[in-house]
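Single-structure report; data block below.
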Amino acid sequence: MSVDWTPERIEILTQLWSEGIATSEIGRRLDVTKNAVVGKVHRLGLPKRQSPIQRKPAKKKKAPEPEVITMDKLRPGMCAWPIGDPGMPGFHFCGGKSTEGKPYCEPHCEQAYVRNVKEDKNAKKAAAAAAAAKAKAKAK
DNA sequence: CCCTGATTCGC
DNA sequence: GCGAATCAGG
């Protein structure tokens, strides 16, 4: 098994790969499995081969579906920011963690109380100041 | 079935 | 970051 991917081994790997050598062959050459080779190659960002292969959206392991938050899924503590048009099919909510005492998550809270300012210099200035203050507070 | 590379996911 | 398992095309 591979002890470490030394620069030399990576160089050999890259060289063989660029020469069009099969992963299994490279693996034999470096005494690693072909999976290790293809994994490393992919990680190094080397040019791909055999392009027309398109993998499935990954099943069999888990179901990391973002789960759309419909009305019945919406519970206290979840952001009630509406997504889509109420009454229309597929209407749902953000569902993120809402801020304490507020019906929306933080990003949507910001949107919620945005005033109808357009090209207001003061607003920009205030926003910048607020951002700076926030960053400063966070840095602490 | 064999080969190939691609992607995911536990470590 | 690594690579086995798994997936997909040929």
Side-chain angles (χ1 to χ4, degrees):
Chain A
M1 300 295 280
S2 76
V3 180
D4 189 25
W5 278 109
T6 66
E8 286 77 17
R9 287 165 66 82
I10 292 177
E11 191 175 337
I12 294 171
L13 167 65
T14 306
Q15 176 63 36
L16 294 177
W17 181 261
S18 64
E19 287 179 15
I21 307 301
T23 54
S24 58
E25 180 66 21
I26 299 174
R28 201 174 307 124
R29 194 83 155 64
L30 294 175
D31 192 36
V32 294
T33 66
K34 71 179 183 69
N35 288 333
V37 173
V38 71
K40 183 62 181 175
V41 165
H42 202 261
R43 222 169 288 120
L44 287 171
L46 291 175
K48 297 179 179 181
R49 296 190 203 153
Q50 195 131 345
S51 12
I53 299 181
Q54 294 178 20
R55 224 172 167 276
K56 284 186 186 176
K59 51 199 175 198
K60 273 280 182 159
K61 291 296 181 188
K62 287 182 180 177
E65 305 169 33
E67 189 180 17
V68 53
I69 306 301
T70 46
M71 249 180 290
D72 45 308
K73 295 281 183 58
L74 186 66
R75 295 203 299 266
M78 297 176 77
C79 176
W81 187 266
I83 308 288
D85 299 319
M88 291 287 286
F91 172 69
H92 59 286
F93 300 96
C94 167
K97 186 183 182 307
S98 61
T99 311
E100 173 64 26
K102 293 177 180 178
Y104 307 124
C105 64
E106 292 183 49
H108 283 142
C109 268
E110 290 184 23
Q111 283 202 49
Y113 69 80
V114 163
R115 285 151 167 81
N116 264 355
V117 290
K118 301 202 172 180
E119 299 286 334
D120 193 327
K121 298 180 203 166
N122 277 351
K124 282 186 180 179
K125 200 171 182 180
K134 192 173 182 179
K136 190 176 183 181
K138 203 170 186 178
K140 179 184 178 186

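Remember, it's a predicted structure, so these values are computed and weren't measured experimentally. Below, chain A is the first sequence line, B the second, and so on; all start at residue 1. When reading the values below, keep in mind they use all heavy atoms of this one structure, side chains included, and skip hydrogens, waters and symmetry mates.
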Hey, is the side chain of [X] poking within less than 4.0 Å of OP1 or OP2 on [N], counting only N and O atoms?
| X | N | answer |
| --- | --- | --- |
| A:Trp5 | C:dG3 | yes |
| A:Ser24 | B:dC3 | no |
| A:His42 | B:dT7 | yes |
| A:Thr33 | C:dG3 | no |

(request) Report the residues that fulfil ring-ring contact (aromatic ring centres under 6.0 Å, His included) with A:Trp17, sequence neighbours left out, ordered by chain and then residue number. (result)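 Applying ring-ring contact (aromatic ring centres under 6.0 Å, His included) to A:Trp17 gives none.
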
Nearest-Å distance for atom pair [atom1]/[atom2], residues [X] and [N]:
| X | N | atom1 | atom2 | value |
| --- | --- | --- | --- | --- |
| A:Leu13 | C:dC2 | CG | P | 11 Å |
| A:Arg28 | B:dC3 | CZ | P | 10 Å |
| A:Arg9 | C:dG1 | CZ | P | 18 Å |
| A:Arg43 | C:dG3 | CZ | C1' | 7 Å |
| A:Leu44 | B:dA6 | CG | P | 13 Å |
| A:Ile10 | C:dC2 | CD1 | C1' | 12 Å |
| A:Asn35 | B:dG5 | CG | C1' | 10 Å |

(message) For A:Arg29 versus A:Leu16, what's the shortest heavy-atom pair and its separation?
(response)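 Residues A:Arg29 and A:Leu16, closest heavy atoms: CG-CD1, 3.7 Å.
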
(message) I want to verify a distance call: between B:dT4, C:dG1, B:dT7, whose nearest atom is closest to the A:Val38 side chain?
(response) B:dT7

(message) Please pick, from C:dC2, B:dA6, C:dG3, the nucleotide with the shortest atom-to-atom distance to any side-chain atom of A:Lys40.
(response) C:dC2

If you look only at distance, which donor and acceptor atoms sit under 3.5 Å apart when one is on a side chain in residues 68-81 of chain A and the other is two or more places apart or in another chain?
{"unit_1": "A:Thr70", "atom_1": "OG1", "unit_2": "A:Asp72", "atom_2": "OD1", "d": "2.8"}
{"unit_1": "A:Lys73", "atom_1": "NZ", "unit_2": "A:Glu67", "atom_2": "OE2", "d": "3.1"}

(message) Quick check: on DNA chain C, is the nucleotide nearest A:Val37 upstream (toward 5') of the one nearest A:Lys34, or the reverse? Name the residue that is more 5'.
(response) A:Val37

(request) Answer with yes or no whether the side chains of A:Glu19 and A:Gln15 bring together a donor and an acceptor at under 3.5 Å. (result)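 Note: A:Gln15 and A:Glu19 side chains meet the donor-acceptor criterion.
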
(request) Could you tell me the separation between the CG atom of A:Leu13 and the CD1 atom of A:Ile21, rounded to the nearest 0.5 Å? (result) 11.5 Å

